[in-house]
There are 2 protein chains.
Amino acid sequence: MENRRVSIKDVAKKANVSTATVSRVVNNKDGVTQQISEKVQEVIKELGYSPNTAARSLVRQRTNAIGIVVNNLHDPFFYDLIKGFETAAQQTSYSVVFCSALGGDVKSKENYVKYLSNGVVDAVILYGSYRSDESMIKYIQDNEQIEFVMIENDVPSLQCNKLLIDNFGGAKNAVNYLKEKKHRKIAHICGNPNKKVTIERFNGYIQAMQEADLEVKEGYIQYSSADYRSGYERMNALLDLEERPTAVFCSDDALASYAVRAALDRGLRVPEDISIMGFDNQRILPDRYRGPEITTVEQPLYTIGMDSIRLVSERLSNTDMKMPVRKMYETKIIERETVCEYHG
Amino acid sequence: MENRRVSIKDVAKKANVSTATVSRVVNNKDGVTQQISEKVQEVIKELGYSPNTAARSLVRQRTNAIGIVVNNLHDPFFYDLIKGFETAAQQTSYSVVFCSALGGDVKSKENYVKYLSNGVVDAVILYGSYRSDESMIKYIQDNEQIEFVMIENDVPSLQCNKLLIDNFGGAKNAVNYLKEKKHRKIAHICGNPNKKVTIERFNGYIQAMQEADLEVKEGYIQYSSADYRSGYERMNALLDLEERPTAVFCSDDALASYAVRAALDRGLRVPEDISIMGFDNQRILPDRYRGPEITTVEQPLYTIGMDSIRLVSERLSNTDMKMPVRKMYETKIIERETVCEYHG
DNA sequence: CTGAAAGCGCTTACAG
DNA sequence: CTGAAAGCGCTTACAG
C-alpha cells in the first residue's frame, strides 16, 4: 500500500529507454529491436511491473471488460445463468465482473449500473425486470454510448439489446399441458408483484384459460407476496375453496415448492390428489425442499447467459453492427413428478 | 457507442466555468457560490454528465471499489459467503465486484487478480486454496501495495490479511463426535486432492483417531477425485471392506451426499446401518439430493464474507493499520439425520 | 470564490 | 527503430 506502484516511467528509466518503447514491448507491437525488447522485458520482470488498467482504459477509450448486474447473486436461481456467463467469459478475451444488489434494492442496482458504465466496462448486461427500475432505465436511456443488454426485461422505450423469454407463451403452454391432462379446474398462484414476469405469466394463464373455454372460478387466482414462502398460504387458500381446483399453475418453482409443501402437510398426495406446476426449471429449490420433483416450464438461462456475453463481445469488435438485437427465447415443458392426469 | 461521452469539459464550456469548478460541484466541495453551483448542476442534468471512473481513479489513486475472486461463482456452495459479501457491501460505500474462474482454471483466476489489482479496485478478496495457485501467490507477493485478504488459504510466505477456518480442528471434532456416539470403526473419504482443505481435514481425522487410540484400518482412507460424485464409489469401496466401518467422515457435504446415496442404493439405512458425516454445512446439496439431512461441521462463511469486506474497508480508511490481520474461525457441529449412536 | 496549470499512468500519431 | 509530446478525463494545490 505504501510504496507507490511501479509505473511505466520507472521501467523506462531503469531500462534507459522512453516510455513509448516500454509501452510498445508491453503491448507486443513490432518495431522494437530484439535487444531492446529483451532488456525492457527483463526490467519489467525485475520490477514486477504491470500496466495500470485505469490509465490504459482512459487513453484507449476501451476497458476490455464486461459488467453484469443482478439482484441477489447468492440466489441459486441463477445457477444456470451464471454458469452460462462464466462459460462464455472463459472463451472471450474480456474480463467479466459481476455486481449484485441485495433484495430488490433499486438504488444500489442503479449505482452499480452507473459505476460500471462510467469507464469501468465497455458493456453492461442486466438481468431482471422490476417494476421499480424506472430511474435506472432512464439513466440507461441517457447513456447509450455504452453497449447494454437487458435480459428478460422488455422496456419499449429502450433502444438497447434485449434477450427476452416468452413468459406469456410459456404460461399458456403450462395451462394447455394441464388441460391435456384432463384438468378443468386450474388455479394460478401469482408471483412477486414487483416483477414484470409475474404479469406476463399471469396474462398467459388468463389467455390460455379463455382460449380453452375454461372457467376461472372465484378464488382461483391467488396473489402471493414478494416472498415465495407465501406460496404456502396461497395454496392453503386454494385448498379451502369450496370448489377446489384439481391443478394449480404457480408463477415460479420456488412458489410451487411451497405450494407442494402445503398440500403435503394437509395430507394430500401430489400429484394424485392435486397437480402442481411451476415455472423456471430451477434446479435448486429453497429451504431444503425434498418433496416430489416439480413439473415445470424451462427458460433457457444457460444459453441466455452465454449468448449475452457473446453478443456483446461481437458487437464491441464490429463497430458497424448498429441496430440493437432483440431476441425472444422459447420455453419448454419439463415433465416431472407433480402433475398427473385427472380422473374425474 | 458512437457519440463521445459527455466530459467535464463539455459541461464547463456550456456553464461558462472552469473544469475545476465543475469538479468542485460534482464532489460537493464547498467554496462555490450557490448561484454558480446551481447553474452547473443544471447543465450536468441537461447533458446527463457523470464523471469517468477511470480518470477519477487515476488522479485520486483510489478506486473506491473492492474486488472478490472465487472459482465457480455458480456453485451453491457459496450461498452463505456471497450473502455475507452482499450484506456488507450494502453497508459500505465501496462498490464491490465479483470475478469468477470456471473449474479450477488457475490462469483465469490469476488474470482476474491481475486485472483487478492494476487500478480497478483498492483491495481484492480471494477465496479458496488450490495447490496450483502458486504463480498467483507469487504475483500477490510482488504486489503488496494493494490490500489483499485471503480467505481459507494460509500461505506462510504471504504477508497479507488472512481469514482462516479451523479445518484441522473441525475434522478432529467430527471424529470425536462420532466417537462419543460409540463408533470405533471410523473411515474417511478425502476430498478434492487439489484443495488444501482436503489435507487439513485429513490430518484432523488422523490426529483425532490417534488421540482416541482408534485404529485406522486397511482401506479406511478413501481418496476421491476432484469430482464430488466420486464419493459414491468411495463409499462403495468402504462398504465392500471385510471389516466395514460403522461411521464415515467425509471431507465435505457434497461428497457426503454421494456417500449417502451409495449406502441407500445398497439397501442400507442411514444412519441406522451406517453413520455418515460431512463438512461445510452447505445448505444446498448437488444434483437434487433428497436423502436424509446430513450431519456436518459448519464453517461460518456468512460471517467471513461480512468480515472480509468490513476488514478491508476499515483498513482502506485507516492508513495507519499496517500489520495484516490473521484470524482463525472456529467450526461447529451441526447435528442432523445421518449420524446415530452405534449399538455394537 | 474561481481558474490556469500540473499531473495521475498510460498510448499513439508524428518526427527524426 | 526510437523518443518527445500531446492527450485521455479527471482533481487539486496554487495564485489571484
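Each chain gets a letter, A, B and so on, in the order the sequences are listed, and its residues count up from 1.
Remark: of the listed residues A/Leu126, A/Asp133, A/Asn161, A/Leu126 is the sole one forming a side-chain contact (heavy atoms from CB on, under 4.5 Å) with A/Met150.
Following rounding to the nearest Å, A/Asp10 (CG) and C/dC8 (P) show an atom-to-atom distance of 11 Å. Atom NZ of B/Lys9 is separated from atom P of C/dA5 by 14 Å (rounded to the nearest Å). Rounded to whole Å, atom C1' of C/dG9 lies 14 Å from atom NZ of A/Lys13. Per the geometry, CD belonging to A/Gln34 stands 11 Å off P belonging to D/dT2, to the nearest Å. The distance between atom CG of A/Asn16 and atom C1' of D/dG3, rounded to the nearest whole Å, is 13 Å. In this structure, the CG atom of A/Asp30 is 8 Å from the P atom of D/dC1, given to the nearest Å.
Between the side chain of B/Lys162 and the backbone N or O of B/Val155 there is at least one donor-acceptor pair closer than 3.5 Å.
Between the side chains of B/Thr63 and B/Asp122, at least one donor N or O sits under 3.5 Å from an acceptor N or O.
D/dA13 is unpaired under the Watson-Crick or G-U wobble criterion, no partner having all donor-acceptor distances under 3.5 Å. Base pairing annotation: D/dA4 forms no Watson-Crick or G-U wobble pair, as no partner gives both donor-acceptor distances under 3.5 Å.
A salt bridge does not link B/Arg5 to B/Asp10: none of the charged nitrogens lies less than 4.0 Å from a carboxylate oxygen. Salt-bridge annotation for A/Glu152 and A/Lys196: absent, with no side-chain N of the basic residue lying under 4.0 Å from a carboxylate O of the acidic one.
Comparing B/Thr33 and B/Leu58 against DNA chain C, the residue whose closest nucleotide sits nearer the 5' end is B/Thr33.
Checked against the 6.0 Å centroid criterion, the rings of B/Phe78 and B/Tyr127 qualify as a close aromatic pair.
Proximity of A/Gln61 to the phosphate of D/dG9: a side-chain N or O atom is located under 4.0 Å from OP1 or OP2.
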Scoring nucleotides 11-16 of chain C by protein non-hydrogen atoms under 4.0 Å (B base, S sugar-phosphate only, - none) yields BBB---

